[in-house]
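We count ligands from 1, going down the list as the structure has it; atoms in each ligand are counted the same way.
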Amino acid sequence: MRELDRRDCSRKVSLRGAIRLPGDKSITHRAVMLSAFGEGTAEIVGYLPSEDCERTVAAFRAMGISIIDTSSGGTLSLKIEGKGLRGLSEPKGVIDCGNSGTTMRLLTGLLAGQSFFSVLTGDASLRQRPMGRIVAPLRCMGAEIMGRSGGDLAPLAISGGMLSGTSIRLPFSSAQVKSAILLAGLLASGETIVSEPGRSRDHTERMFRYLGIQCEEKAEGFSVVGGRAFKNKRIEIPGDISSAAFFLVAATILEGSEVKLKGVGINPTRTGILDVLQRMGADITIHPLSSSRHEPIADLTVRSRPLRGILIEGALAASVLDEFPVLCIAAAAAEGETVIRNAQELRVKESDRIETMAKALRGMGIQVETFSDGMKIRGSRQWRGTACETKGDHRIAMSMTVAGLRTDGENEIDDMECINTSFPGFLDLLSELRANT
Ligand code: S3P
């Protein structure tokens, strides 16, 4: 990855031009996982070649699945030879999920229903993140999973076996937990039903339907019938709206900017960031495109515009958790106060994002108050450059890079490599847009 010149990062600039974002992270994980279980060859077009997704690819290779990179002429693609529901082989070593919570949580569901033993671990951050939320419901289906702290912390050791379909009502909304259960349900006997109080991202359900897996939205929740083979298909991955968020905020807060983001996924369970920015006064135009068959996509055009602070709570807060770090930068640029509440989940993301962002913003001279479940940010015109500790969190590094385009003086970011977790090429795209000014 080419690093931006540090001095460039701290000059006030504007962004102009059109870019295509890398593939959606959540959808790439699911496409790889489900294609390994389908029958025949799958082609995954526009996949995300980030470190998190590479962990999922490596895990399936370690279980005997052939995954070949068939990218050509600027189009990224993978060819996966599916082996059906029972085709995986026991991995010979520990599966390292790196920084990827999605890899660990979804794989645990899939591995619980295999006929072999497996162990999952991750980096220091992932080994501190809660796993009891998937282990408990999977145990209700008959899964045998051991881990530190009674199964709440990785490494997790999974003695795979036959699972029984069960109806599970989750007390909270989580796409990773819901998906772990549905993926376990794919292998379980009978019907598995899962419901949650709010609507988390529904990429797993959409991909189930697209691949012809026997599933249904029922009054009690989303249902899947286990043990039914399905055929692989070509899967197109839309651009990641969570990656688009960095450019939506950057172009909004940098005067004189106009940026077009092409082919972005606009699944309604992911567009909270558009709602929030528009409520803050952002100028974002959505041009819907024909759908990629399982996910809606659009080109987004964003122009710079002054923002105002707002209150973000309840379902709206839940819909922008991944975009919270860069929303903090939008809030710091807004007139007045922005308050985010009901977002305690931010404490257990790749870092404690409330603390990490509060420290970074204070370093920039922004007034911040933290709560157990959120933060209050007072917008300011004066930002000073600061030394920023990312805690190895990719979204903190990118958010502070965006902020550095508007600070007086440099933003010194301690770890830029972690950006590869979700967005290789981020700095190149940023340079491309700046080159057009
Ligand atoms: C993800 C679900 C979300 C999100 C995470 C990716 C997924 O977490 O924050 O980055 O791919 O399923 P929840 O499980 O809390 O919904």
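When only interatomic distances are considered, the shortest N/O to N/O separation between Arg395 and ligand 1 does not fall below 3.5 Å. The shortest N or O to N or O distance between Ala175 and ligand 1 is under 3.5 Å.
Considering Arg30, Glu323, Lys25 only, the shortest heavy-atom separation from atom 7 (C) of ligand 1 involves Arg30. One option in Gly198, Gly101, Ser200, Ser174 has a heavy atom closer to atom 13 (P) of ligand 1 than any other, and that option is Ser174. Nearest to atom 15 (O) of ligand 1 by heavy atom, out of His203, Lys349, Gln176, Arg105, is Lys349.
Counting only N and O atoms by type, the side chains of Ser200 and Lys178 include a donor and acceptor under 3.5 Å apart.
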Inset, instruction - Test Thr166 against Thr192 for side-chain contact (heavy atoms from CB on, under 4.5 Å), laying out the working first. - result: CA-CA 5 Å; Thr166 314; Thr192 297; 5.7 Å; no
Inset, instruction - Check step by step if side-chain contact (heavy atoms from CB on, under 4.5 Å) holds for Ile340 and Glu313. - result: CA-CA 6 Å; Ile340 183 157; Glu313 60 181 350; over 6 Å; no
Legend entry - Audit row: Val57, Leu78, side-chain contact (heavy atoms from CB on, under 4.5 Å) steps and yes/no: CA-CA 10 Å; Val57 167; Leu78 291 176; 4.3 Å; yes
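Applying the 4.0 Å criterion to heavy atoms of Thr102 picks out, from ligand 1, the atoms 6 (C), 7 (C), 11 (O).
Residue contact check for ligand 1: Asp322 places a non-hydrogen atom closer than 4.0 Å to it.
The distance from the CG atom of Leu361 to the CE atom of Met375 is 6.0 Å, given to the nearest 0.5 Å.
Remark: aromatic rings of Phe426 and Phe247 are close, center separation under 6.0 Å.
Atom 11 (O) of ligand 1 has Ser26 OG, 2.7 Å as its closest protein atom, hydrogens excluded (heavy atom only).
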